Amino acid sequence: MIDLKFIRSNPELVRSAIFNKNEKADLDALLAIDDRRKKLQFDFDTLKSRQNSVSAEIANKKKNKEDAGELITQMSSVAEELKGISTRLGECNQDLEKLLLTVPNIPFESVPIGKDEACNRIVKHWGEKPAFEFEPKDHLSVAEANDLLDLPRGAKISGSGFPIYTGFGAKLERALINFMLEFHLQKHGYTELAVPLLVNRKTMTGTGQLPKLEEDMYHVGEDDLFLIPTAEVPVTNFYAEEVLKQSQLPVKYVAYTPCFRREAGSYGKDTKGLQRLHQFNKVEMVRFVEPEQSYAALEEMLKDAEDILQAFGLHYRVLELCTGDLSFASAKTYDLEVWAPGVGRYLEVSSVSNFEAFQARRAGIRYKDQEGKMQFVHTLNGSGLATPRLMIALLETYQQSDGSVKVPDLLKPWLELTL
RNA sequence: GGAGAGGUGGCCGAGCCGGUUGAAGGCGCACGCCUGCUAAGCGUGUGUAGGUCAAAAGCCUACCGAGGGUUCGAAUCCCUCCCUCUCCGCCA
């Protein structure tokens, strides 16, 4: 959520942010309601002030055993009027809140302006596309040859996009998760959190998924709960409505969770194999930092995610997303795309974003600064990493001419744990 | 799911037969004093948000889980909901 004061004093800046992000938010309506609300609030305060002072007078008279009947009848009409204003004010506040929640975050000044992903800026490449002495197969063929996946049965019991990992495939998936978790814990200083997978509406609103993306969420109507699309949601909301001590910052959490996405509107796109799923596993990093630190933290998190890909020796590139590709809540985002030689494409395995105070303001996450002033923290998060496309890259990159897969050495200990 | 208890400031904890209670007291915290050091002690201060103001001070308004209601007036009374705890039931 954007500071209302900021919107009032920089309406054009906000307007262009909405435009550049391909969002639609009715700024004029918002400003008009804000105006109306201010007037109502003023009327309310004035009248309430009068009521308060007369009420005190009444109390005084009663204490002195004097007659207060006249004042009381006088005030009953004031109370009536006050009730009317208060109702209208309440409605006004609700409308304002609703509109405010549809205003996207403002892109950071350096973010390239552009309509869609074609305008994303390639920041760097790491490694090289692997060379093969044979025609590399795609991960589905590799998985099939090695009995690692059973997608048809996943589709049978749930639907397409719900993969089943079988035998060594399941073990490999588990090894990836554990390896990445421990990597961030031990090498990057994160603290682990294990969190709920179903969250309430307020939580979903806090990080910005709601109200915009409701149709992309799995919703349990009976309890009005949502399956999380990413651990970002429960982890960022860990501190919702709380005031942190400055000395606590920065806070760095890492969490593994399954993620659930309906992918409404993207049916038939990138559906082959593990490229796009309704349920997948992800290790997620989240940080809470002081505002001055957030862009340095963004670079650090990018590095944290890159370290995983580098450890696996996978070729990848880093993109800086343009305004049109930036998510609703983000001010700046890097995408990491790993090279998948089988499908012959770069696939997004991580998205690292700085939300500045946008989520903190929605979720009410604050801290007291050195002068004792209340400030919103800045929140960031980044995948570190999502497993399906990582799995794709590993299977396709490390496939052998005989059809087998040579798993990177550093995964061996995770695959050979003994009792 | 049934029965009971409870949700007050950073924390603990009074108030809860309605009227200076934004809220006693304590702890914590900040600053100052005192003191070989530490500890203790003493003093002062210590919520958030909105408005007014050039700004500060000051003043006004809101907030005692959330939302409604009663009343001239509600932390205090009534209703609904949420959450926590205890007991019972059920179940991994």
Side-chain angles (χ1 to χ4, degrees), chain A residues 1-9 30-101 194-206 210 220-226 234 237-249 251 258 288 290 357-358 360-377:
Chain A
M1 176 152 67
I2 303 294
D3 187 3
L4 188 54
K5 279 188 208 153
F6 183 86
I7 297 178
R8 279 201 285 257
S9 46
L30 191 150
L31 290 169
I33 288 175
D34 178 45
D35 218 50
R36 209 165 90 81
R37 188 196 60 104
K38 260 172 100 171
K39 291 193 179 102
L40 280 170
Q41 183 73 54
F42 181 82
D43 291 347
F44 179 84
D45 285 356
T46 310
L47 205 55
K48 187 75 183 171
S49 173
R50 175 148 166 253
Q51 187 190 55
N52 284 344
S53 63
V54 177
S55 284
E57 225 176 292
I58 291 170
N60 232 317
K61 287 208 170 197
K62 288 209 163 181
K63 212 193 305 181
N64 298 328
K65 306 261 197 265
E66 292 172 39
D67 178 44
E70 197 181 322
L71 284 178
I72 289 175
T73 32
Q74 215 182 86
M75 285 330 279
S76 64
S77 69
V78 170
E80 203 58 36
E81 195 182 341
L82 213 45
K83 199 175 284 183
I85 295 176
S86 156
T87 305
R88 273 178 284 152
L89 184 60
E91 287 165 2
C92 225
N93 274 326
Q94 268 184 13
D95 292 347
L96 187 68
E97 178 79 4
K98 222 185 233 170
L99 280 172
L100 213 44
L101 287 174
V195 295
L197 308 181
L198 280 165
V199 300
N200 59 33
R201 190 170 281 278
K202 187 168 188 240
T203 299
M204 275 296 194
T205 308
L210 293 182
V220 182
E222 183 104 35
D223 303 291
D224 201 25
L225 293 172
F226 297 84
N237 279 284
F238 186 77
Y239 288 121
E241 308 298 336
E242 293 190 30
V243 178
L244 305 180
K245 290 204 174 96
Q246 188 182 30
S247 57
Q248 293 179 254
L249 300 174
V251 177
F288 303 82
E290 294 174 61
F358 189 83
R361 192 172 281 113
R362 284 181 163 234
I365 308 168
R366 298 179 294 175
Y367 78 103
K368 271 202 166 133
D369 69 13
Q370 260 148 352
E371 285 95 53
K373 266 185 62 184
M374 281 292 192
Q375 301 270 350
F376 287 107
V377 301

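Just so you know, these numbers come straight off a predicted model, no measurement behind them. In the text below, chain A, chain B and the rest are named by the order of the sequence lines, each starting its count at 1.
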Carboxylate-amine/guanidinium contact Lys202(A) Glu241(A), below 4.0 Å: yes
Between C1' of U71(B) and CD of Glu80(A), the distance in whole Å: 12 Å
Residue pair Met1(A) / Leu101(A), side-chain heavy-atom distance below 4.5 Å: yes
Is Gln41(A) near enough to G50(B) that one of its side-chain N or O atoms lies under 4.0 angstrom from OP1 or OP2? no
Taking a pair as Watson-Crick or G-U wobble with both distances under 3.5 Å, which nucleotide is matched to C81(B)? G65(B)
Do the side-chain N or O atoms of Lys61(A) get closer than 4.0 angstrom to the phosphate oxygens (OP1, OP2) of G19(B)? no
Euclidean distance for C1', G65(B) against C83(B) (whole angstrom): 7 Å
With a cut-off of less than 4.0 Å, is there a side-chain N or O of Asn52(A) near OP1 or OP2 of A62(B)? yes
Rounded distance in Å - CG (Asn93(A)) to P (G67(B)): 11 Å
Does G89(B) have a Watson-Crick or wobble partner in any strand here, with both distances under 3.5 angstrom, and which is it? none
How long is the line joining NZ of Lys38(A) and P of A62(B), in whole Å? 20 Å
Answer yes or no: is there a side-chain heavy-atom contact under 4.5 Å between Leu225(A) and Val199(A)? no
Rounded to whole Å, the CZ-C1' distance (Arg37(A) to G50(B)) equals 8 Å
Span that lies between the C1' atom of G7(B) and that of A66(B), in whole angstrom: 12 Å
Could you identify the nucleotide paired to U52(B), looking across every strand shown and requiring Watson-Crick or G-U wobble geometry with both distances under 3.5 Å? G58(B)
Considering only side-chain heavy atoms of Gln51(A), which listed nucleotide, U48(B), G73(B), C60(B), is closest? G73(B)
For a 4.5 angstrom cut-off between non-hydrogen side-chain atoms, does Phe238(A) reach Val251(A)? no
Judged by nearest nucleotide, the residue sitting upstream toward the 5' end of RNA chain B, Lys245(A) or Leu71(A), is Lys245(A)
Under 3.5 Å for both donor-acceptor distances, Watson-Crick or wobble: does U76(B) have a partner, and if so which one? none
Among C72(B), A49(B), G51(B), the one nearest Phe42(A) by side-chain distance: G51(B)
Could you measure between the two P atoms, the one in A49(B) and the one in G36(B), and give it in whole Å? 43 Å
Look at the side chain of Thr46(A) and the backbone N and O of Phe42(A), then say whether any donor-acceptor pair between them is shorter than 3.5 Å. yes
Can you tell me the Watson-Crick or wobble partner of U46(B), both distances under 3.5 angstrom? G28(B)
Between C64(B) and U8(B), how many Å separate the two P atoms, rounded to a whole number? 12 Å
Between A62(B) (C1') and Asp43(A) (CG): distance, integer Å: 16 Å
May I ask you to say what Lys5(A) touches in the nucleic acid, namely base, sugar-phosphate or nothing, with a heavy-atom cut-off under 4.0 Å? sugar-phosphate
From A49(B), U61(B), G19(B), nucleotide with atom closest to Phe44(A) side chain: U61(B)
Hey, are Asp34(A) and Lys38(A) close enough for a salt bridge, meaning a charged N less than 4.0 Å from a carboxylate O? no
To the nearest angstrom, the CE-C1' distance between Met374(A) and C63(B) comes to 14 Å
Report yes or no: does Arg37(A) contribute a side-chain atom to a donor-acceptor pair with the main-chain N or O of Cys92(A) at less than 3.5 Å? no
If you only use heavy atoms from C-beta on, which nucleotide in U70(B), G19(B), G73(B) is closest to the side chain of Lys83(A)? U70(B)
Taking all atoms of both residues into account, what is the closest heavy-atom pair of Arg361(A) and Asp3(A), and its distance? NH1-N, 3.4 Å
Among C72(B), G19(B), C60(B), which nucleotide has an atom closest to any side-chain atom of Ser49(A)? C60(B)
Distance, P atom - from A54(B) to G18(B), rounded to whole angstrom: 44 Å
Side chain of Lys48(A): nearest nucleotide among A74(B), C72(B), A49(B)? A74(B)
Specify the separation, in whole Å, of atom CD1 of Ile58(A) and atom C1' of U20(B). 15 Å
Figure out the CD/C1' separation between Glu241(A) and G10(B), and round it to whole Å. 16 Å
For the side chain of Lys368(A), starting at C-beta, report the closest nucleotide among U48(B), A62(B), G51(B). U48(B)
Options A74(B), G19(B), G51(B), nucleotide nearest the side-chain atoms of Arg8(A): G51(B)
Separation of the P atoms in C81(B) and G1(B), to the nearest angstrom: 12 Å
Using the P atom as the point on both nucleotides, what is the distance between G51(B) and A56(B), in whole Å? 12 Å
For U38(B), the Watson-Crick or wobble counterpart (both distances under 3.5 Å): none
Across all strands shown, which nucleotide pairs with U71(B) by Watson-Crick or G-U wobble geometry, both distances under 3.5 Å? none
Nearest-Å distance once atom C1' is located in both C17(B) and G22(B): 24 Å
Identify, between Ala79(A) and Ser53(A), the residue whose nearest nucleotide on RNA chain B lies closer to the 5' end. Ser53(A)
